[in-house]
Amino acid sequence: MFGLSPFELAAIGVIAVVLFGGNLPEVARKFGSTYSQFRRSLQDVQQQFRQVQDEASRAMSMDTPPAKSTSYDDDEDEPNEPSAPKFTPPE
């Protein structure tokens with residue numbers, strides 16, 4: 001567990017009992033509640049980052065021009081050319 005051998009886990013347990021004694025259950029509860037609050041706040045921050053990322057990607061997709069739709073009308077067989085008179089040099 002956690003990359004620790006059983007002897008190391010037992011040593012940590014003995015140190016915890018020596019340090020905290022009879023208050024060990026209370027300390028463990030406080031640690032558990034603090035850890036769960038930390039996880040919740042971390043999830044909230046991650047959710048906010050995802051929302052910002054989604055908003056940014058939506059904004060970027062709105063900046064790009066939409067793809068040209070293909071029409072199947074008979075009138076539009078050729079691409080639209082600018083309608084300006086052709087220049088003819090004087091003779």
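Start at 1 with the first residue, then count along the sequence. Remember, predicted model here, so these are calculated numbers, not experimental data.
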Give a yes or no answer on whether the side chain of E8 reaches the backbone of S5 with a donor-acceptor pair at less than 3.5 Å.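 Here the side-chain-to-backbone pair exists.
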Supply the atom-to-atom distance [X] [atom1] to [Y] [atom2], rounded to the nearest 0.5 angstrom.
X   : Y   : atom1 : atom2 : result
E55 : M60 : CD    : CE    : 14.5 Å
F49 : D54 : CZ    : CG    : 13.5 Å
R29 : N23 : CZ    : CG    : 10.0 Å

Surrounding CD of Q53 (heavy atoms of other residues, nucleotides or ligands, distance under 6.0 Å), is the total greater than 12?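 Incorrect, the count does not exceed 12.
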Give the ring-plane orientation class for Y35 versus F31, where under 30° counts as parallel, over 60° as perpendicular and anything between as tilted.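 Rings of Y35 and F31: parallel, as their planes differ by under 30°.
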Steps toward side-chain contact (heavy atoms from CB on, under 4.5 Å) verdict (L19, V27): CA-CA 11 Å; L19 288 177; V27 170; over 6 Å; no
Give me the one residue out of L24, V18, V17 that meets side-chain contact (heavy atoms from CB on, under 4.5 Å) with F20.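 Only one of L24, V18, V17 forms a side-chain contact (heavy atoms from CB on, under 4.5 Å) with F20, namely L24.
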